[in-house]
Amino acid sequence: MLTVTGLTRVFANNFDAMAGGVRDASFNLPAGTFFTLLGPSGCGKTTTLRCLAGLERPDAGFIGLDDRVLFDGASGAMVPVHLRGIGMVFQSYAIWPHMTVFENIAFPLRVSRDRSYGREEIAGMVDQALSTVGLSGYGPRPATRLSGGQQQRVALARAIVHQPKLLLLDEPLSNLDASLREDMRIELRRLQQQIGITTVYVTHDQSEALAMSDQIAVMDRGRIVQLAAPRAIYFTPANDFVARFIGAANLLVGTAEARVATGGSGMVRLVDGIGIICVFPAGIEAGQPATVAIRPESIAVAPANGPTLAGVNALPGILQDASFLGATLRCDVLAAGQLLRAVAAPNAAFAPGAAVQLQFAADAAVVVEAA
Amino acid sequence: MVVPAVMLTVGLMVAYPVFFLITEALNVGEAGVFPPEALGFGNFIDMIEDTKVLWNTAFVAGISTLMAVAIGLVLAWILTRTAIPWRGQLERLMELPYYMTPLVGALAWGVLASPKTGFINQAWRFAGGAGDLVDIYSPWGIAWVMALFEGTVAFVMIAAAMKSMDPSLEESARVMGAGKLRTALTITFPMILPGILSATIFVFAEMLSAFAAAFVLGIPGRFVVVTTAIWQATSAYPPEYGRAAAMGLCLFVVLAVAIGLARLILRKGSHATITGKAFRPRPMRLGRRGWYLAAVCWIYLFLAVILPLGALLLTSFQRFATVIFADMQFTLQNYVVAFRIGAIGSALTNSLMLGVIVATIGSLLVGVLVWIIYRSRVPGRALVEYVVMFPQAVPRLVFGLGLLWAWLVIPIPIYGTLWLLGIAYLTVLLPLGLRTLAGVVVQIDRSLEECARVCGASWLYQMRTVTMPLLRPGIVAAWLLIFISSVRELGASIFLMSATSKVIAPAIVNSWLTSSTELSAAMALLQTVCVFFAVVFLFRITRRFSGDPA
């Protein structure tokens, strides 16, 4: 159980008014959770991770792991980094070049304060860790003679060899090439579930986050803007930032026609007078401004003169550009006064300049908070 | 708390001599009295009125810069852009003239090409020629020696500019239809021009403050440049300290401006074309012509290393130096004298001892400084770096001059002892050590250390198992470089040496001016051998560190 409350660490920045860091972050993770901090670069996710590791001293807040207090801003108590007993994989992997693979992985056991490990025991545990990451027999190899993927595995083996209660991963896949990244994504998740270790994962890659996590915290400018399960993040983004960052949603601005209760649906009148039916997760009063998020893959592109279906929103538009991507046809359509992106079936034949109709279900149009 | 202490110590070591230099330059009262009785600009006016020295300096520096840049340009082009046999080895050997030192080079070329007795002139007359073929005691001779031995920086800088150019920039010009010559004129040349220009200014500054060659080869022919004029002014009777200080101060200012200008050109001119990435441009295939180009490199090495060392070796084993075989009288006497005469033997011992002590203290100090500057978050660490690096901007000779008065005046009886030499070496060589180690530290990712902490290591354990092993090659390299530089130090030593605290480089100079050529050659070779062993170590260490296959 990892408890983080009101975690704050702000960096003064002399170059512009913006200050980096993390502000007032709180989350509770039950044991075994795979938790992802997701956000663009500079959003404070790495700072949060470094505070958890003890590499950064928070300005305020509370960090507790099970019944241990790792940091308490109120009393100023802080467990130094080397006494926290956690595992961490750095973005650069931080494989020590002057040691062999075996020595790299044995390091946490050799410096352990909880108990001293015998020579045999260390050898056994390192072999165990190596086979867990699929590198059996690589022990005697010099650490400099490893490929990127192998380095990543060694770093992971080193982080789990002493069976820590918490595993921290700082963009561990960002230095791998695309196909290897997909394989490692699956393997990392499988490994985490096999060991059952609480994991905090930092990434800026939304598909990694969605595929691997139990819980995702989306961060923007130092704050957690939404903390939820992957599906909830995707289908009901808390605000326009999350909607755009996850899945590149189209955003339409309009006004609510009437009062809508929490979770109900109602009409939003867009700027050019067209009305669309939307879902209001938070409810709204009549006449208030509303931002509607619609995912490209929820929008169907149909001929302008085709039939309209009942209960389905339809927006007339002009096709500006269509890119054939193999599995899909990506369309940019000028509708409701702005460019909207839609994903059509690859066999659809639309020429740029054609008049089209964008169709989407009412529950695909979600009203989000404007950040 | 550490930072103010370091600042204070280093600041004192640097600022104190400079303060004295300025005071003395403005002192128009009795020389050497502190505080001065009268202040004025008389010393500066004296200096400007001595137009002969200024003209000599400009002439020699100008000619030698042109020669050095020409040599550097040709060698850099051959070694970075063409596929010649043994290119890698040749590139490494190009460092040797730097380790030869201008002093040894000047002595050797004095042996080779002095009028009447020089080997080349001897051979010329033996072959039936009349008079002297070459005269090294001329401005051209001095410029030639300076270009050979002080000009290595031109090669290094121009080669760096050529290496860092993305070859695709040239390739794209070729693809667009430009011929080879047109590509060279419109793409290659404009892009490396800032590099060449700043190298030229840098070398010119180096030549202005060069001392050894002008001293060894200029004094016999009464040809005086500004650096030797400074030395003459201090050793005259009565000493003209004020004039020396004024000249030293002006030299320092001119140098500072020149180096600033060179950096500005490099930064302004190259930001768009040269990235931080090191490219290996695809070398031109030349076939048989490659051998001619390799021969050019070998000729340079022959003139700058093999010929001078051979001449010194031959001289040091003879009673009277000659290349006429029938006249040769071989003897070990010169080496016996070099070891037996107390003053000379102790000079070598002193130099080696100072070298070891200064290198040891210096590399430890540099380790601490590097940690403060690059790893800690102490406020003011940038200032620490600036202060430590400052002595680099002051010519050694001028710095020695400042130290001379600074410690003459102070009541601590340190002047004339090895202690003062030690302090001086430490101050002027710290920048070298810092640069060397900093180059290693910035390559060590901070996460390597952090990871050790996260794994559970205490700070001490992390230093012992991760940081120190990774830093070791850098520290050893810094140690060796400081050792080499202090064993061959001349500029600062020549003012600070006394009868009881002799060191080798000034002792060689004195021997050259006052006793026999043959003895000087033996001493120069002994010094070279010490440096040579350290260089061999250095090459092995740096090669292992850079990970080149052996």
Side-chain angles (χ1 to χ4, degrees), chain A residues 11-12 46 49-50 52-57 79-99 103-117 142-145 151 154-162 164 166-172 175, chain B residues 276-277 367 370-371 374-383 385-386 437-478 540-550:
Chain A
F11 296 107
T46 296
L49 196 76
R50 290 172 63 86
L52 295 180
L55 292 167
E56 208 66 66
R57 190 188 176 92
V79 176
V81 47
H82 63 294
L83 302 179
R84 293 196 174 189
I86 49 184
M88 181 164 176
V89 175
F90 288 76
Q91 186 174 8
S92 63
Y93 308 142
I95 302 293
W96 297 304
H98 59 298
M99 299 181 188
E103 285 168 340
N104 263 284
I105 299 175
F107 191 91
L109 300 174
R110 289 186 173 149
V111 300
S112 170
R113 272 151 221 272
D114 303 337
R115 48 172 293 221
S116 64
Y117 294 88
T144 43
R145 296 183 48 199
Q151 286 191 28
V154 170
L156 189 61
R158 183 176 58 187
I160 59 174
V161 69
H162 56 308
L166 180 63
L167 178 63
L168 306 177
L169 304 170
D170 186 5
E171 307 214 16
N175 286 332
Chain B
K277 225 171 175 176
V370 160
W371 190 82
Y374 293 95
R375 281 293 192 256
S376 74
R377 294 184 186 176
V378 193
R381 58 190 188 279
L383 196 63
E385 182 178 14
Y386 183 78
L437 197 56
V440 176
V441 167
V442 294
Q443 288 180 355
I444 299 176
D445 191 9
R446 200 188 280 257
S447 65
L448 289 172
E449 295 176 335
E450 287 177 345
C451 185
R453 299 302 309 280
V454 172
C455 284
S458 65
W459 184 79
L460 265 177
Y461 193 85
Q462 168 233 311
M463 287 303 267
R464 195 163 65 76
T465 55
V466 175
T467 311
M468 290 316 285
L470 290 173
L471 277 184
R472 195 174 295 138
I475 291 179
V476 174
R540 296 189 62 152
I541 294 280
T542 49
R543 190 175 56 191
R544 194 165 32 169
F545 182 68
S546 61
D548 292 351

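Order of the sequence lines fixes the chain letters, A, B, ..., with proteins taken first and strands second; residue numbering starts at 1 for each chain. These numbers come from a predicted model, not from an experiment. Every heavy atom of this structure was used, including side-chain atoms; hydrogens, water molecules and symmetry mates were not.
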Contacting moiety of A:Ile86, where chain B heavy atoms sit under 4.5 Å: both
Can you tell which part of A:Leu168 gets under 4.5 Å to a heavy atom of chain B, answering side chain, backbone, both or neither? neither
Heavy atoms only, distances under 4.5 angstrom: which of A:Arg84, A:His162, A:Arg158 has the most pairs with chain B? Name it, please. A:Arg158
Hey, mind stepping through A:Met88 and B:Glu450 against side chain to side chain contact (heavy atoms under 4.5 Å, CB included) and telling me if it holds? CA-CA 10 Å; A:Met88 181 164 176; B:Glu450 287 177 345; over 6 Å; no
Could you pull out the closest heavy-atom pair between A:Ala53 and B:Val454, with the gap in Å? CB-CG2, 4.4 Å
Nearest atoms (heavy-atom pairs only) where B:Leu470 meets A:Pro97: CD2-CG, 3.5 Å
Tell me if a side-chain donor or acceptor on A:His82 pairs with a main-chain N or O of B:Ala452 at a distance below 3.5 Å. no
Stepwise side chain to side chain contact (heavy atoms under 4.5 Å, CB included) test for A:Trp96 and B:Thr465: CA-CA 10 Å; A:Trp96 297 304; B:Thr465 55; over 6 Å; no
Residues B:Asp445, A:Phe90; criterion side chain to side chain contact (heavy atoms under 4.5 Å, CB included); working and verdict: CA-CA 11 Å; B:Asp445 191 9; A:Phe90 288 76; over 6 Å; no
Look up atom CZ in A:Arg50 and atom OG in B:Ser447, then write down how far apart they are to the nearest 0.5 Å. 9.0 Å
